[in-house]
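Just so we're clear, the structure is a prediction, and the values are computed from it rather than from any experiment. Labels below follow one simple rule: chain letters A, B, ... track the order of the sequence lines, proteins then strands, and each chain is numbered from 1.
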Amino acid sequence: MVPAKPRVLYWFRTDLRLHDSPALKAALDLKPECLYPIWCWDPHYVYRARVGPNRWQYLLDCQSDLSASITKLNPKSKLFVLREAPQTVLAKLFKAWKISHLVFEKDTDAYARQRDEDVIKQAEEAGVEVIVKMGRTLYDPDELVKANGGKPTMSITQVQHAAEKLDEVAKPVPTPESLPDPGNASLDFEHTPPSPKPDFNDIQRIDMESSYTHLAGPEGDFGVPTLSELGLKPATTQHRGGETLALRALDEIISNKTYTATFAKPATAPTAFDPQSTTLLSPHHHFGSLSVRLFYWRVMDVLKEYKGKQSTIPTNLIGQLLFRDMYFGAQTALGYSFAQTHGNSHCRFIPWHLPSKVDPSNGLVTGDHHIDSPEAETWFDRWKWGKTGFPWIDALMRQLRQEGWIHHLGRHAVACFLTRGGCYIDWERGAEVFEEWLIDHEVSCNSGNWQWLSCTAFYSQFYRCYSPIAFPKKTDAKGDFVRHFCPELKDYPEKFIYEPWKAPVADQKKAGCLIKGDGQETEDGGMKVYPKPMFDFNARRSICLDAMKSAYHINLYGDNLKVKDGTWRELFPDSAEGPTEGKSAKDAINGEETGKKTRPKRGEEASGDMGVDQDEGEAAEVGGETKGGDQEGKSPGKRKRKGQGTLDAHFGGKRTKK
DNA sequence: CGATGAGTTGTTAGA
DNA sequence: TTCTAACAACTCATC
């Protein structure tokens with residue numbers, strides 16, 4: 001009996017490329033009778049994740065380019081976009097298209113794992129064989145974590161040591177030269193449009209979201225959707241996606257051997273924008289339109305040949321990829337909790353303003369936040385919309401909104417400003433804005449970088465704080481970057497470009513822009529207006545510094561029971577920055593989720609000690625990581641403190657003792 | 001175990 | 001202009 005030839009569903013997700021795709025190669029190695037290249041238009045990303053027009057456009061670029069490349073290899077084929085959740089549509093396709101194999105690239109963020117587990121189960125039930133191949137990172141995050149003793153990778157040293165135990169980074173696999181025909185794409189089954197509520201992107205839509213009206217799209221041709229179907233405004237970014245552009249960009253970078261071999265991230269200018277000083281490959285890596293392993297080996301080839309002085313890990317290009325793998329490893333080990341403080345065993349708890357609301361039924365943030373301080377809410381709003389009155393911060397936030405990309409150090413500057421170095425606002429608020437606006441947004445990297453900058457994980461030198469005035473001067477004394485993104489300030493003298501409020505009114509008038517108000521008005525009697533700074537930066541920096549010092553001494557992590565039940569407040573001095581005290585603040589925050597509604601308690605010990613709760617479950621994912629000792633041994637009492645001053649006074653009797 | 005040096009990416013004053 | 005030290009002080013890796 002001759003076995004039937006395989007009929008393969010190749011499910012594209014964040015691997016929108018034909019080159020160096022181990023999963024696609026595995027699909028083709030089956031020598032299938034037919035291969036359907038498909039994409040599921042997943043409602044999770046349409047409604048439940050924050051995605052703005054710029055990243056959507058980038059995705060559509062990637063899909064269109066991929067579809068055209070598929071058609072080039074086989075005129076009968078293309079990318080078949082199905083407007084339905086993978087969790088509901090795939091099982092129907094298995095049947096309707098008589099599928100024998102489902103093949104896809106492994107994805108490791110918390111949602112992706114849950115989704116894929118669900119789909120794999122359905123495939124097994126349908127008798128469909130599933131093939132999953134890694135191709136998204138240098139190392140398989142699961143293996144990396146395993147090699148790191150089952151613990152999340154929290155430093156580059158850990159990544160390097162773990163990587164030494166693994167095989168070397170996989171060499172790129174060849175790009176296919178032909179593709180099998182797709183089979184008959186009949187849609188002889190019921191379409192299940194998703195529920196549009198809740199819609200996290202509702203506020204962005206200028207029109208009804210209508211991408212789910214037909215399974216194969218409005219033309220019935222499985223075509224790539226449009227922004228207008230999503231009810232979104234057109235993209236404003238000039239950065240375009242797609243494998244063709246990605247490979248061209250890669251060639252250009254690699255052709256400049258000196259740039260490639262001497263690249264040192266901290267030395268690149270965050271003020272450079274035309275052209276930018278870094279590679280801008282991150283969005284290609286995010287969508288998989290450029291293989292990180294291809295990039296790795298192309299860079300390694302240059303490093304092997306280059307005779308001059310080279311930059312090294314971690315500042316060189318290879319180091320950048322290692323950081324990416326580090327965040328993937330941390331996310332993999334911690335699951336959903338990695339993207340939030342609540343329940344996160346490796347993220348410090350700081351009593352930030354505007355903390356997230358948490359759903360007590362699952363311990364996950366709801367997407368909404370508490371307004372413990374109306375002032376902080378105003379600061380957050382002004383930060384988001386580029387109206388803080390600090391030109392460097394505002395220019396960056398406007399570039400981010402318009403173009404969907406800012407330099408890594410620019411991200412440092414605005415993140416530090418929002419959290420530990422200015423507003424003392426929860427990093428999760430900032431991460432949400434980045435999630436919406438960045439074209440290269442990646443859950444693990446975004447969460448990781450925000451934790452880094454807010455000094456809640458990965459990094460702890462909170463006394464190193466970016467100044468919105470001194471920092472940009474280092475690479476852009478003239479203020480060209482600010483003049484471009486805050487054009488109302490373009491005629492300001494160099495002397496005042498980063499602190500325009502210091503310009504005498506006569507100079508303000510001469511430059512055609514008055515410094516006044518809080519960002520509401522943009523014009524006054526025919527003269528442009530730029531807001532006054534929303535606070536005294538140096539005063540805020542010192543308040544934040546003291547607050548961070550205090551929170552570090554109190555030393556709570558996101559999985560601590562006191563963090564979970566709200567009793568952390570008892571440990572903080574009443575005068576501490578953040579929602580630590582005051583009847584109204586306490587009611588506003590405690591009322592809803594702690595109150596008398598007790599969360600399920602298991603093994604809880606109300607001893608007042610830093611109990612370590614292991615019931616969140618994420619750790620099980622990596623084979624029962626236990627970190628019971630984590631908070632032990634870090635007790636504040638062990639720490640030597642030589643300063644006297646105000647701070648110690650606050651601690652009197654407040655610190656927990658062991 | 002304690003001590004020491006390093007840690008991708010700070011700022012400022014003063015030489 | 002470019003360099004250094006002081007600022008105040010964190011965790012991690014290594015010896």
Side-chain angles (χ1 to χ4, degrees), chain A residues 148-149 151-162 164 262-272 277-279 310-327 330 346-348 350 392 396 406-417 419-422 445 448-449 451-475 477 498-499 537-538 540-555 557 627 629-636 638-648:
Chain A
N148 192 45
K151 294 197 172 71
T153 41
M154 302 303 287
S155 74
I156 280 297
T157 317
Q158 287 173 8
V159 171
Q160 287 178 294
H161 288 168
E164 277 167 19
T262 63
F263 180 97
K265 183 64 138 308
T268 58
T271 45
S277 58
T278 50
T279 66
Q310 302 182 6
S311 53
T312 52
I313 292 169
T315 62
N316 69 2
L317 288 172
I318 299 299
Q320 307 312 299
L321 291 176
L322 291 179
F323 276 109
R324 185 171 178 272
D325 269 46
M326 174 183 80
Y327 288 136
H346 285 66
C347 178
R348 276 182 185 282
I350 310 281
W392 165 238
L396 284 165
I406 55 179
H407 186 279
H408 188 66
L409 294 179
R411 301 180 197 199
H412 278 215
V414 298
C416 180
F417 183 89
T419 59
R420 66 183 168 86
C445 298
N449 276 320
Q451 287 171 56
W452 183 300
L453 262 301
S454 62
C455 287
T456 48
F458 302 100
Y459 188 75
S460 51
Q461 290 166 265
F462 53 75
Y463 44 89
R464 291 193 178 170
C465 178
Y466 291 91
S467 149
I469 292 123
F471 184 64
K473 275 187 187 167
K474 285 194 289 191
T475 50
Y498 292 114
E499 31 195 352
F537 176 74
N538 288 325
R540 284 299 308 172
R541 173 168 53 189
S542 113
I543 289 168
C544 288
L545 200 82
D546 280 353
M548 289 297 289
K549 231 193 288 187
S550 146
Y552 259 64
H553 281 294
I554 289 162
N555 197 34
Y557 282 75
K627 26 105 261 175
D630 238 307
Q631 279 100 351
E632 305 292 335
K634 285 183 187 169
S635 93
K638 284 184 86 173
R639 222 163 250 140
K640 283 199 297 249
R641 286 174 296 115
K642 32 182 174 175
Q644 67 290 35
T646 54
L647 236 123
D648 283 348

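Under 4.0 angstrom from either OP1 or OP2 of dT11(B) there lies no side-chain N or O belonging to Arg464(A). Taking side-chain N and O atoms only, His161(A) has a distance below 4.0 Å to OP1 or OP2 of dT14(C). At the phosphate of dG10(B), neither OP1 nor OP2 sits under 4.0 Å from any side-chain N or O atom of Lys474(A). For the OP1/OP2 pair of dT11(C) and a distance below 4.0 Å, the side-chain nitrogens and oxygens of Arg348(A) include at least one atom meeting the criterion.
Straight-line distance from the CZ atom of Phe458(A) to the P atom of dT8(B): 12 Å, rounded to whole Å. Here the P atom of nucleotide dT11(C) and the CE atom of Met326(A) are 17 Å apart, to the nearest Å. In this entry the distance linking CG of Asn316(A) with P of dT8(B) reads 12 Å, nearest Å. Separating the CZ atom of Phe537(A) from the C1' atom of dG10(B) is a distance of 10 Å, rounded to the nearest angstrom. Rounded to whole Å, the distance from CZ on Phe263(A) to P on dT8(B) is 15 Å. Atom-to-atom, CG of Asp546(A) to C1' of dC7(C) comes out at 14 Å; the value is rounded to the nearest Å. Straight-line distance from the CG atom of Leu322(A) to the P atom of dT9(B): 16 Å, rounded to whole Å. The OH-C1' distance, from Tyr463(A) to dG7(B), rounds to 9 Å in whole Å.
Stacking here means ring centres nearer than 5.5 Å and ring planes tilted less than 30 degrees, and by that measure Phe323(A) stacks onto dT8(B).
With dA13(C), dT8(B), dT11(B) as the candidates, the nucleotide lying closest to the side chain of Pro266(A) is dT8(B). Out of dG7(B), dA13(C), dG10(B), the shortest distance to the side chain of Tyr459(A) is found at dG10(B). If you check dT8(B), dC10(C), dA13(C) against the side chain of Gln158(A), the one that comes closest is dA13(C). Picking from dT9(B), dC10(C), dA13(C) the nucleotide with the shortest atom distance to the side chain of Ser155(A) gives dA13(C). The Thr157(A) side chain lies nearest to dT14(C) when the options are dG10(B), dC10(C), dT14(C). Relative to the side chain of Phe462(A), the nucleotides dT9(B), dC10(C), dA13(C) differ in distance, and dC10(C) lies closest. Of the candidate nucleotides dT14(C), dT9(B), dG7(B), dT9(B) has the atom lying nearest to any side-chain atom of His412(A).
Residue contacts shown for His407(A) are absent, as no nucleic acid heavy atom lies under 4.0 Å away. Within the nucleic acid shown, Phe471(A) comes within 4.0 Å of sugar-phosphate atoms alone, with no base atom in reach, counting heavy atoms only. Within 4.0 Å of Lys473(A), counting heavy atoms only, lies no atom of the nucleic acid at all. In this structure, Gln320(A) reaches the bases: a heavy-atom distance under 4.0 Å links it to at least one base atom across the strands shown.
Ring planes of Phe537(A) and Phe417(A): parallel class, angle under 30° (limits at 30 and 60°).
At distances below 3.5 Å, not a single donor-acceptor pair connects side-chain atoms of Arg420(A) with backbone N or O atoms of Cys544(A). With hydrogens and angles disregarded, a donor-acceptor distance shorter than 3.5 Å links the side chain of Arg411(A) to the backbone of Ile406(A). When atom types are taken as modelled, the side chain of Ser460(A) and the backbone of Ala457(A) share no donor-acceptor pair closer than 3.5 angstrom. Formation of a donor-acceptor pair under 3.5 Å by the Gln320(A) side chain with backbone atoms of Thr315(A) is found in this model.
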Dump the pairs, protein N or O against N or O of nucleotides 12-15 of chain B, anything under 3.5 Å, distances to one decimal.
none

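With 3.5 Å as the limit, one finds no donor-acceptor pair spanning the side chains of His346(A) and Tyr557(A).
Separation of the C1' atoms belonging to dT9(B) and dT1(C) is 22 Å when rounded to the nearest angstrom. For the P atoms, the distance from dA8(C) to dT8(B) is 25 Å, rounded to whole Å. Spacing of P atoms, dA6(B) relative to dT4(C), comes out at 15 Å, to the nearest Å.
In DNA chain B, runs of at least 3 consecutive Watson-Crick or G-U pairs, each pair with both distances below 3.5 Å, span B:2-7 with C:10-15, B:10-15 with C:2-7.
Contacts of Thr419(A) classified as side chain to side chain donor-acceptor pair (under 3.5 Å), with partners at least two apart in sequence or in another chain: none. Looking at residues two or more places apart in sequence or on another chain, you find a side-chain contact (heavy atoms from CB on, under 4.5 Å) between Ile543(A) and Arg540(A), Glu577(A). In terms of the side chain to side chain donor-acceptor pair (under 3.5 Å) criterion, residue partners of Ser277(A) (sequence neighbours excluded) are, by chain and number, His407(A). Remark: Ser454(A) engages Thr456(A) in a side chain to side chain donor-acceptor pair (under 3.5 Å) (not counting sequence neighbours).
Annotation for Ala330(A) and Thr153(A): closest pair N-OG1, 3.2 Å, computed over non-hydrogen atoms.
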